[in-house]
Visitor: 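The structure under discussion is supplied below as structure tokens; questions concerning it will follow.
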Amino acid sequence: MTPRERYYWDLTGHLVLRGVLTPDEVDAGNAALDHAAERIENGTDAYSESLRKDSNPKWLNGTWVRTRPDTPFLLMLKSPHCDLWRRLLAHPEIVPRMNAMCGPGFRLDSGPVYIGGVVGTHIHKLHGAGEPHKPYVGYHATSGAGFAGAVTVAYLLTDAGPDDGGFACAPGSHKARYPIPPGVRTTEEDLGCVEKPSLKAGDALFFMDGALTHGARPWLAAHPRRTVLYKYACRTAARRGTALTNLEPRMQWDDDVIQGMPAEQRAVMYGPSSSPQTDSPYLQVSDEGVVSVDHAYLPSLKTHSDTFVAG
Ligand SMILES: O=C(O)CCC(=O)C(=O)O
């Protein structure tokens, strides 16, 4: 990461790297997405069935526009269609920057997620910047080094010009101290603080996923939107992805350790995860000093509502 990139990243919370993918790689990525879309839509064999199940695809106006982030279905495509997505996990242009942004030992938390768009794909409301406060995806800089708990790298497979729509953010909002005003969330009255970076097929966009206020503008271009997001976390952060399936106490401890534990003790034996969702292991203490599990506790920790709206 050059000092200029580091300055820009620390200042704004995002960074664009031009032309990371070669034209051949852009073609290969698009071919893989076509292959997956075809199989998901029409395939009747077990392979197509598993892609359909794992990607949980959303369609709009006959076009595939989104997949579930938890399952890395693009890595499960048959070769050669998985080759590019696997190579991008540890791309030589990405690794040194991720080491600087997230710290050595960064890990893929979830994805790669596919986000498409056609005319009619509505806004993905802006979110992030500590609302609600999530220390594991926060950003701080100390002793001359910056540290983001979560960094997403988005690869562009089609152009996304300034008026096309797609990814938008409030640069600098990873250091914001006040709540996001409603007009900024929807970008309808954005105070001039929401920016839509101009991106070309082959570019890679890094953003502080969680720390930075970000989302997407409606897609307006005649050509489809196509972007693939790798959701990385620092070594010690757990956002979602496999963390959710490895959460249970039985995945963390031997049977004889947890056997017979009451719910309050089990509650502290869960693994790390940002949004446990099931059997929420949150503790409370009553005025009488009784510790109990409160499933409704810390509702603010629930992930932001799925603000993606398909028209
Ligand atoms: O590029 C986009 O559509 C925004 C993605 C986003 O908001 C997210 O991944 O949290």
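Counting starts at 1 for both ligands and their atoms, following the listed order.
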Visitor: Between Trp85 and Tyr230, does the ring centroid distance fall short of 6.0 Å?
Guide: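 No, the ring of Trp85 stays outside the 6.0 Å limit from the ring of Tyr230, centre to centre.
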Visitor: Hey, could you give me the OG/CD distance between Ser48 and Glu38, rounded to the nearest 0.5 Å?
Guide: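 Going from the OG atom of Ser48 to the CD atom of Glu38 covers 8.0 Å.
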Visitor: Before accepting this row, confirm whether a basic side-chain N of the pair Lys231/Asp109 lies closer than 4.0 Å to the acidic partner's carboxylate O.
Guide: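 No, Lys231 and Asp109 are not salt-bridged.
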Visitor: If you measure from each non-hydrogen atom of Arg225 to ligand 1, which part falls under 4.0 Å: side chain, backbone, both or neither?
Guide: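 Answer for Arg225: side chain.
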Visitor: Under 3.5 Å between some N or O of ligand 1 and some N or O of His127?
Guide: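 N/O-N/O distance below 3.5 Å exists for this pair.
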Visitor: Of all the heavy atoms in Lys125, does at least one lie under 4.0 Å from an atom in ligand 1?
Guide: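 Lys125 does not count as a contact of ligand 1 under the 4.0 Å cut-off.
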Visitor: Quick check on Thr152 - does any of its heavy atoms sit under 4.0 Å from an atom of ligand 1?
Guide: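 Judged by the 4.0 Å heavy-atom criterion, Thr152 does not count as contacting ligand 1.
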Visitor: Contact between Ile115 and ligand 1, counting heavy atoms under 4.0 Å?
Guide: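 A heavy atom of Ile115 does come that close to ligand 1.
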Visitor: What distance do Ile123 atom CD1 and Thr121 atom OG1 have between them, rounded to the nearest 0.5 Å?
Guide: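 Here the rounded value is 12.5 Å.
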Visitor: I need the atoms of ligand 1 closer than 4.0 Å to a non-hydrogen atom of Ala216, numbered in the order shown.
Guide: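 Checking each atom against Ala216, I get 2 (C), 3 (O).
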Visitor: Measuring from non-hydrogen atoms of Gly215 to any atom of ligand 1, is the shortest distance under 4.0 Å?
Guide: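 True for this residue.
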Visitor: Is the shortest N/O to N/O distance between Lys231 and ligand 1 below 3.5 Å?
Guide: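 Yes, since at least one N or O of Lys231 sits under 3.5 Å from an N or O of ligand 1.
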Visitor: Would Lys78 pass as a cation-pi partner of Tyr47, given that its NZ or CZ must be under 6.0 Å from the six-membered ring centre and within 45 degrees of the axis?
Guide: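 The answer is yes; both the distance and angle limits are met.
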Visitor: Could you list the atoms of ligand 1 found under 4.0 angstrom from a heavy atom of Phe167?
Guide: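 That gives atoms 1 (O) of ligand 1.
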Visitor: Please work out which of the three classes, parallel, tilted or perpendicular, describes the rings of Tyr139 and His174, given edges at 30° and 60°.
Guide: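 Answer is perpendicular, since the angle exceeds 60°.
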Visitor: Assess the side chains of Glu264 and Ser292: does a donor N or O sit below 3.5 Å from an acceptor N or O?
Guide: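 Checked: Glu264/Ser292 side chains show no N/O donor-acceptor pair below 3.5 Å.
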Visitor: Heavy-atom distances under 4.0 Å are what count here, so tell me which part of Asp209 touches ligand 1: side chain, backbone, both or neither.
Guide: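 Side chain only; the backbone of Asp209 stays clear of ligand 1.
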